[in-house]
There are 4 protein chains.
Amino acid sequence: MLPVTEPAGRRVRTAALELFAERGFHGTGIRDLAQRAGVSTATLYHYMGTKEDLLAEIMRDSMRLLLRAASPTGTGGTPTERIARLTRIHVLAHAARPLHTRVADDELRALSPGSRAEITALRDEYERFWQSAIDDGVSTGEFRVQAPGVARLALLEMCSGVARWYRPDGPLTAGELAARYVEMALGLLTVDGIRLEPDPGAVGDMDRLVAELWPPS
Amino acid sequence: MLPVTEPAGRRVRTAALELFAERGFHGTGIRDLAQRAGVSTATLYHYMGTKEDLLAEIMRDSMRLLLRAASPTGTGGTPTERIARLTRIHVLAHAARPLHTRVADDELRALSPGSRAEITALRDEYERFWQSAIDDGVSTGEFRVQAPGVARLALLEMCSGVARWYRPDGPLTAGELAARYVEMALGLLTVDGIRLEPDPGAVGDMDRLVAELWPPS
Amino acid sequence: MLPVTEPAGRRVRTAALELFAERGFHGTGIRDLAQRAGVSTATLYHYMGTKEDLLAEIMRDSMRLLLRAASPTGTGGTPTERIARLTRIHVLAHAARPLHTRVADDELRALSPGSRAEITALRDEYERFWQSAIDDGVSTGEFRVQAPGVARLALLEMCSGVARWYRPDGPLTAGELAARYVEMALGLLTVDGIRLEPDPGAVGDMDRLVAELWPPS
Amino acid sequence: MLPVTEPAGRRVRTAALELFAERGFHGTGIRDLAQRAGVSTATLYHYMGTKEDLLAEIMRDSMRLLLRAASPTGTGGTPTERIARLTRIHVLAHAARPLHTRVADDELRALSPGSRAEITALRDEYERFWQSAIDDGVSTGEFRVQAPGVARLALLEMCSGVARWYRPDGPLTAGELAARYVEMALGLLTVDGIRLEPDPGAVGDMDRLVAELWPPS
DNA sequence: CATGAATGAGTATTCATTCAT
DNA sequence: AATGAATGAATACTCATTCAT
């Protein structure tokens, strides 16, 4: 149960955040919320609309904050600098607010169509900062990726994963972690001449195995 | 409703796979399963144990298949070759079997402790192939990453994301997609001399913004 | 929401009257009442006892008023005159105060036994004016009905119906409407020589149909 | 609790019929229904859709039956004969099936718009038989009422009231009761020359009283 | 092989009401 | 005079599951 020193309305929000992140929206009952917040289920409804409103609120807050952080960051400087800053922000956000970001990343499908559209729009806006930085970098030649759209998706997935496992009491500070991700992101985007000379035999074997295990439908 | 030409037992599995992937385990009711499979809820129980057994089965199958594909692949050759093959396999699997892999990636928390331990063990075994390839590459100098454990997590998240968005009728075949991911993975692992000389001022600003938006609790 | 110029206590009464008439007692929640009255649910309880008290109050007022109107009216003059006056009053009351009378007519069953007894006593007292006028008319020969008790019930139901459909902006004024009801009431009570010679065959057919549709259980 | 010899599905219907008639739709909880039917609330839903479906079903059945009875009855013969037959049927139906008819008469407002429209259409169709018989009688001179529409409403209200109080073990059989209503209905429709010469003074007094008690808003 | 019948426990949400301020 | 906070009990309805047939 959350500390009773906090006002009840805030405790309800915190309970929702923690439980939605931990068990998912559908895996969290309102009784769970009430118990964690230290109020009765009836009192819950004094502080919230529906359970889904609570979810939408969390996701909206999460996306707006990320967007607010990305806006000044995603625009100035070279593509390399922009990607570096976006990555840094994204990782720091996911390390500092893993609950918010996990809920935002995982529970889109639990929203009703109306809220889903709203949140998706925010996310799309956010992703545009990434895409344009990548595209610009490809134009200037700073980045060498063959499929810029795929690169964006790969980068975002990779960075968002942080929220799933990062612990501040681990070996890396959030800042160090972000630095590592910046390096990896830039490495990923600058695929160098030193390319894999794929052993055709091995690849052939592997593809045969894949085809056998997951026949093309 | 699924085609009635399939035997009912298989239709139940397919229904579970589709619905768990689409709505999540907790978001799927057994009535949904029964309807999609075209049988009554009572009949469902002729073909399955509990709803959770169905989930555990899917996850087990998914992980075992991946493991079976990774075993011969993860061992021979240079670290670079091994990572290339693992990436290729992982991406092909996620492109070819997005439902299985999404369920396996997302629904671990829905399992009861017993099954969770079993699946986690399989996943850990699988990830060891990646980790040892990365570590070996760092030893040989083929890879230059500062935090090999983080690199593993980043790589896996990035590649698994494929199951969330890849469509076989899009611009890339699964093979081309895998090739792009291999390039990006190797790029990510070989962070080259061309390093970002971070504008300290800008980073300072950004960190101040981040600290403001997500105060360290 | 009701006009805020009215004092709150009155607005609560009006809200209750309107909503109980429109949706019934059980179909009306106290949140509905509060919203319509423009106050919070807590404030509601400054102006009322329980929700049921509010209902009992309305019904008591309604019946007392009707009784007060009927008292001087139900006694003097010939039975014909008395029925004419009672009918006139009853119809005017139901046309002028449809909400009160509808609630009084429909929501007896929603009252707790205590209040129900009280209101029923008032209603019985009121109906006695009607019954005695009818009985007297039968004695004097002014009325020719075979079942005076049934006639009372029929008359009252027929006149009370006015509250369900009369609109003052329709083709008839309340006075004209009352005049029509007086005529019909007196016609109903004076069943003349011109009697139906029922075609026995037709009646037989009909009774057979009725027996088939609604078997005597 | 209803006899367990009946099949459960039927017991649910009977319970709904009785309780909706007795306490109204909103006054009846599904626990009440379950208890009366002798099943659990969950089992209830094996035999019904929603609570409202149950209500709509009852009303539909009730109106359809009445309509089926009225169809052959409302058409042949003189207006007097038609009204006599309609009245007879209506009264017999309300005496034989008081629960059905009370629910149908009282709970229209509890229906959702969709079902309400459907039931209202049936009721309007039924009332047209009455209206056309009345109108035809006015044309032929058999009936002398000043406001035929009002007469229809008055007749229907008066006859429907039967369902509220008639008991088969009382002094009148249903057939006798119907006969009395036929007489009253025809009397009501044939308002004779011998009309009330209203004592103007008395009427004036009364109207003054009415105006005082129920001021015209 | 398949299902209709049945349920205890649970779902999210609302109920009328109280009370301290 | 008015309300925000709080709640136990109820609301209609669904859950996953069992079992006799």
Side-chain angles (χ1 to χ4, degrees), chain A residues 7-9 11-12 25-34 37-55, chain B residues 7-9 11-12 16 25-34 37-55, chain C residues 4 7-9 11-12 16 25-34 37-55, chain D residues 7-9 11-12 25-34 37-55 110:
Chain A
R11 260 155 43 216
V12 168
F25 179 75
H26 288 305
T28 303
I30 55 145
R31 289 143 130 95
D32 301 326
L33 288 173
V39 297
S40 71
T41 61
T43 299
L44 222 49
Y45 284 85
H46 198 67
Y47 295 101
M48 62 182 235
T50 65
K51 188 184 147 194
E52 205 212 305
D53 289 343
L54 221 41
L55 174 61
Chain B
R11 265 164 28 224
V12 169
F25 179 75
H26 288 305
T28 302
I30 56 149
R31 289 139 130 93
D32 301 325
L33 289 174
V39 297
S40 71
T41 59
T43 300
L44 224 47
Y45 284 85
H46 257 274
Y47 297 101
M48 61 183 235
T50 67
K51 188 184 147 194
E52 206 212 305
D53 290 342
L54 218 42
L55 174 62
Chain C
V4 196
R11 262 158 38 218
V12 169
F25 179 75
H26 288 305
T28 302
I30 57 149
R31 287 143 130 91
D32 301 325
L33 288 173
V39 296
S40 72
T41 59
T43 300
L44 223 46
Y45 283 85
H46 256 274
Y47 297 101
M48 61 181 234
T50 66
K51 189 182 146 195
E52 205 212 307
D53 290 343
L54 218 42
L55 174 62
Chain D
R11 263 156 41 217
V12 168
F25 179 75
H26 287 305
T28 302
I30 56 146
R31 288 142 130 96
D32 301 325
L33 288 173
V39 296
S40 71
T41 61
T43 299
L44 221 47
Y45 283 85
H46 198 66
Y47 294 101
M48 62 182 235
T50 65
K51 189 183 145 193
E52 205 211 306
D53 289 343
L54 221 40
L55 174 61

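Below, chain A is the first sequence line, B the second, and so on; all start at residue 1.
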To the nearest angstrom, the CG-P distance between D:L44 and F:dT14 comes to 12 Å

Got a donor-acceptor contact below 3.5 angstrom from the C:K51 side chain to the C:F25 backbone?
yes

State the [atom1]-[atom2] distance between [X] and [Y], to the nearest 0.5 angstrom.
X: B:L44; Y: B:R11; atom1: CG; atom2: CZ; result: 11.0 Å
X: A:T43; Y: A:H46; atom1: OG1; atom2: NE2; result: 8.0 Å
X: D:M48; Y: D:L55; atom1: CE; atom2: CG; result: 11.0 Å

Among F:dT7, E:dA2, F:dT3, the nucleotide that comes nearest once only the side chain of A:S40 is considered:
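In terms of side-chain proximity for A:S40, the closest of F:dT7, E:dA2, F:dT3 is F:dT7.
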
Legend entry - Under 4.0 angstrom between B:T43 side-chain N/O and E:dA2 OP1 or OP2: no

**OP:** Mind running side-chain contact (heavy atoms from CB on, under 4.5 Å) on C:L54 and C:V12 for me, showing each step along the way?
**Re:** CA-CA 9 Å; C:L54 218 42; C:V12 169; 4.2 Å; yes

task = Specify the residue among A:G38 and C:G38 whose closest nucleotide of DNA chain F lies further upstream toward the 5′ end.
result =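 Result: C:G38.
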
Residues in side chain to side chain contact (heavy atoms under 4.5 Å, CB included) with D:T41, at least two apart?
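If we apply the side chain to side chain contact (heavy atoms under 4.5 Å, CB included) test to D:T41, skipping adjacent residues, the hits are D:I30, D:R31, D:A34.
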
Each base of DNA chain E marked ( ) or [ ] if paired in-strand (Watson-Crick or G-U under 3.5 Å), | if paired to another strand and . if unpaired gives .||||||||||||||||||||

Once base and sugar-phosphate atoms are separated, protein heavy atoms under 4.0 Å mark nucleotides 15-21 of chain F, 5' to 3', with B, S and - as BBBBB--

